[in-house]
Chemist: 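Submitted below is the structure of interest, expressed as structure tokens.
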There are 2 protein chains.
Amino acid sequence: MHNNQKKIGSELNPNVSVDCVIFGFDLEKLTVLVIDRGEISAANGPRLALPGNLIYDDENLDQAANRVLEELTGLKNIYLEQVGAFGDPFRIHKESDREWLKSIRAQPDARVITVAYFSLVKIEDYLPHASSFAKNAGWAPVNELSELAFDHFDILQAAKDKLKQKIKIQPIGFNLLPEKFTLSQLHRLYESILDKPLDKRNFRRKIQKLNILSNLKEKQRGVPHKPSSLYEFNEEKYQELTQKGFDNFGF
Amino acid sequence: MHNNQKKIGSELNPNVSVDCVIFGFDLEKLTVLVIDRGEISAANGPRLALPGNLIYDDENLDQAANRVLEELTGLKNIYLEQVGAFGDPFRIHKESDREWLKSIRAQPDARVITVAYFSLVKIEDYLPHASSFAKNAGWAPVNELSELAFDHFDILQAAKDKLKQKIKIQPIGFNLLPEKFTLSQLHRLYESILDKPLDKRNFRRKIQKLNILSNLKEKQRGVPHKPSSLYEFNEEKYQELTQKGFDNFGF
DNA sequence: AGTCTTTGTGTCATTTTTACACTATCCAAA
DNA sequence: TTTGGATAGTGTAAAAATGACACAAAGACT
């Protein structure tokens, strides 16, 4: 599953990196996968950073982002979208960053442009403590982060904005939920991403009217309250909808 | 006005360029500023390309985009927004591109990442034939272009999409119009960008209800039909509106 | 049996959207 | 000076979407 092969014949480009904002949803709130850089630069900068790496000269940007994502999580074929390019000259020249930079094989004096991506992961598919990858990576609630290394906090903010905007237009939220989910979970997901409360009844009405969910003949089990029915996202129905020119969820 | 100084002590970064999609509006349709690369690669690739250049190591991406825009048009303080980063490995390795690449000082074998921007220019502010800059640049109707050099057609498409999306959220269209404009001109502008017809009466009602236009006590002169009244965009009123949480024009 | 927790549902008032056609005003040409 | 051509400017009615709001039902647990 995890590809650790060295790339024979290809070289790292010292000037271009990709950083990934990997979102998850723990059924309560939005989370993001961050890496603990350890004590190396604890004195001068935040320990937590977004996963990222330089790109190889023989891969395109999307490939590089997928590679970074796979190297960290072992996951392939994940929803991934570009946020944009970031980079001030000399932004990484601080002495305290040198060790960290070496660890990702960057040249401390090089000027680096970062292309940021965000991706949406079913949190159940990547449980860091149960994984062999990156022992120093973990899910952090998006709203509890107040700083990140380098310009990663700006990148996180941009990724949140892009996600917020995108979910008003395309039903990408399902990538954050289990295959089978309840309307309440979907409701909480939208509230988390849009960062505002949504009326329960109005939300359910709006979603159901779109007719892009399959109501499974199946209910939650073992919950200490009335069990909810489970739904699945129906790609075919959504395709029908878009072919009618639909491009706005009205949130 | 035009800054032709060489940048002393700074160097071009051979791996990162910016390309600008400079939109204009001729009161009929959306246009874009393209450069004719001449006969150099006429046999193998389209002559027309977007303006762009490599970045210097001591400027950030936004600065580079502003520089490219100013070098071409002489204009400063123009609306400018990043579209995203583009770049496949070896995308520019075709033999036929070498001369052109030399002319923008790129190394033909280098792998180049391009960061694309779009900007909105009042067409009256840049009339190529009346300008001392770039004799080989000119406005082309966006919908009449069917190909561009390199991956510039993809970039143009992405820029159009971004503009379309953005104008649904922010009143940036005014950057394409003269200070004083008519509602019909604004109407045609929105139709051009959204690429669909909008009912005249409904459009006018919607715009007027927003209350972000000042109705000047002034009318068109010399037109061979009933003269229209002129309007101005009112930044203060728009600020009030946004502070009420407004973030959607409903197109 | 009773308590706790979350699910699931309907209505009404208001606002927004859509579709649609005719008169007014100016210029120019006869 | 009359006429024709062109665009500006305006209202209404039906349909759809939105927003606000409260209580009974189902299961787990004690």
Side-chain angles (χ1 to χ4, degrees), chain A residues 25-29 167-169 171 177-178 180-192 194 196-232 241 244-251, chain B residues 25-29 168-169 177-178 180-192 194 196-232 241 244-251:
Chain A
F25 181 63
D26 65 8
L27 301 187
E28 279 297 326
K29 53 201 172 323
I167 206 172
K168 294 177 180 179
I169 292 175
L177 289 173
K180 302 172 179 182
F181 52 86
T182 71
L183 290 183
S184 294
Q185 290 165 353
L186 189 62
H187 182 206
R188 277 193 290 274
L189 174 59
Y190 271 77
E191 288 187 325
S192 301
L194 298 175
K196 70 178 180 191
L198 301 172
D199 180 85
K200 180 169 64 161
R201 283 185 280 197
N202 295 340
F203 175 82
R204 294 167 83 100
R205 179 180 27 163
K206 182 175 285 187
I207 287 289
Q208 307 230 45
K209 179 155 7 158
L210 293 175
N211 193 34
I212 56 174
L213 297 184
S214 303
N215 186 343
L216 302 173
K217 306 276 177 280
E218 191 181 348
K219 289 188 182 303
Q220 279 182 313
R221 304 217 35 166
V223 289
H225 54 72
K226 178 174 177 178
S228 170
S229 29
L230 294 169
Y231 292 80
E232 250 180 9
L241 193 58
K244 288 175 193 156
F246 175 87
D247 73 339
N248 191 341
F249 281 80
F251 286 110
Chain B
F25 181 63
D26 65 10
L27 301 187
E28 279 296 329
K29 52 200 173 323
K168 295 177 180 181
I169 292 174
L177 291 172
K180 302 173 179 181
F181 53 86
T182 71
L183 290 184
S184 294
Q185 291 165 353
L186 189 62
H187 182 206
R188 279 193 288 274
L189 174 60
Y190 272 76
E191 288 187 323
S192 302
L194 298 175
K196 68 178 182 193
L198 300 171
D199 180 86
K200 179 169 67 161
R201 282 184 280 196
N202 294 341
F203 175 83
R204 295 167 81 100
R205 171 159 39 109
K206 181 175 285 188
I207 288 289
Q208 307 230 46
K209 178 155 10 156
L210 292 175
N211 194 34
I212 55 174
L213 297 185
S214 301
N215 187 342
L216 303 174
K217 307 277 180 277
E218 190 181 349
K219 289 190 182 302
Q220 279 182 315
R221 304 215 37 162
V223 289
H225 54 72
K226 178 173 178 178
S228 170
S229 32
L230 294 169
Y231 292 80
E232 250 180 9
L241 194 59
K244 289 175 191 158
F246 175 87
D247 71 339
N248 191 341
F249 280 81
F251 286 111

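Worth knowing before you read on, the calculation uses all heavy atoms, side chains too, and leaves out hydrogens, waters and symmetry mates. Every value quoted in this text rests on a predicted model; they were computed, and no experiment measured them. Every chain is numbered from 1 and lettered A, B, ... according to where its sequence line falls, protein lines coming before strand lines.
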Chemist: Is it the case that C/dA21 (base atoms only) and B/R201 (side chain only) share a donor and an acceptor within less than 3.5 Å, ignoring hydrogens and angles?
Modeler: yes
Chemist: Any N or O donor-acceptor pair linking the side chain of B/K226 to the base of D/dG9 at under 3.5 Å?
Modeler: no
Chemist: Report the distance from atom NE2 of A/H187 to atom P of C/dG8, rounded to the nearest whole Å.
Modeler: 13 Å
Chemist: Please work out whether the ring planes of A/F246 and A/F249 are parallel, tilted or perpendicular, with thresholds of 30° and 60°.
Modeler: perpendicular
Chemist: Rounding to an integer number of Å, can you tell me how far B/L27 CG sits from D/dT7 C1'?
Modeler: 15 Å
Chemist: On DNA chain D, compare the nucleotides closest to A/P224 and A/G250; which residue's is nearer the 5' end?
Modeler: A/G250
Chemist: Rounded to the nearest Å, what distance is computed from the CZ atom of residue A/R204 to the P atom of nucleotide D/dC21?
Modeler: 19 Å
Chemist: Taking for each residue the nucleotide of DNA chain D bearing the nearest heavy atom, is the 5' side occupied by A/K219 or by B/Q185?
Modeler: B/Q185
Chemist: Does NZ or CZ of A/K196 fall inside the cone over A/F251's six-membered ring, less than 6.0 Å from its centre and within 45° of the axis?
Modeler: no
Chemist: Kindly point out which of C/dC26, C/dT18, D/dC21 is positioned nearest to the side chain of A/N202?
Modeler: D/dC21
Chemist: Which nucleotide in the list D/dG27, C/dG8, D/dA20 gets nearest to the side chain of A/S228?
Modeler: C/dG8
Chemist: Roughly, in whole Å, what's the span from NE2 in B/H225 to C1' in C/dA28?
Modeler: 13 Å
Chemist: Closer than 3.5 angstrom, by distance alone: can the side chain of B/H187 be matched with the main-chain N or O of B/R204 as a donor-acceptor pair?
Modeler: no
Chemist: With a 4.0 Å limit, can you tell me whether A/S229 has a side-chain N or O closer than that to the phosphate oxygens OP1/OP2 of C/dG8?
Modeler: yes
Chemist: Within this structure, what is the NZ-to-P distance between A/K196 and D/dG19, rounded to whole angstrom?
Modeler: 8 Å
Chemist: Are OP1 or OP2 of C/dT7 and a side-chain N or O of A/S184 less than 4.0 angstrom apart?
Modeler: yes
Chemist: Base, sugar-phosphate, or nothing: which does A/K206 touch, judged by heavy atoms less than 4.0 Å apart?
Modeler: sugar-phosphate
Chemist: Over all strands shown, is A/K209 touching base, sugar-phosphate only, or nothing at heavy-atom distances under 4.0 angstrom?
Modeler: sugar-phosphate
Chemist: Is there, by distance only and without an angle test, a donor paired with an acceptor across the side chain of A/R205 and the base of C/dG10 below 3.5 Å?
Modeler: no
Chemist: Applying a 4.0 Å non-hydrogen cut-off, can you work out what B/T182 is touching in the nucleic acid: base, sugar-phosphate, or nothing?
Modeler: nothing
Chemist: May I have the step-by-step check of side-chain contact (heavy atoms from CB on, under 4.5 Å) for B/L27 and B/F181, ending in yes or no?
Modeler: CA-CA 10 Å; B/L27 301 187; B/F181 53 86; over 6 Å; no
Chemist: Figure out the OH/P separation between A/Y231 and C/dT7, and round it to whole Å.
Modeler: 12 Å
Chemist: Is there a donor-acceptor pair under 3.5 Å between the side chain of A/Q220 and the backbone N or O of A/S228?
Modeler: yes
Chemist: In this structure, how many angstroms lie between the C1' atom of C/dT6 and the CG atom of A/L186, rounded?
Modeler: 17 Å
Chemist: Find the distance B/L198:CG to C/dC20:P and express it as a whole number of Å.
Modeler: 15 Å
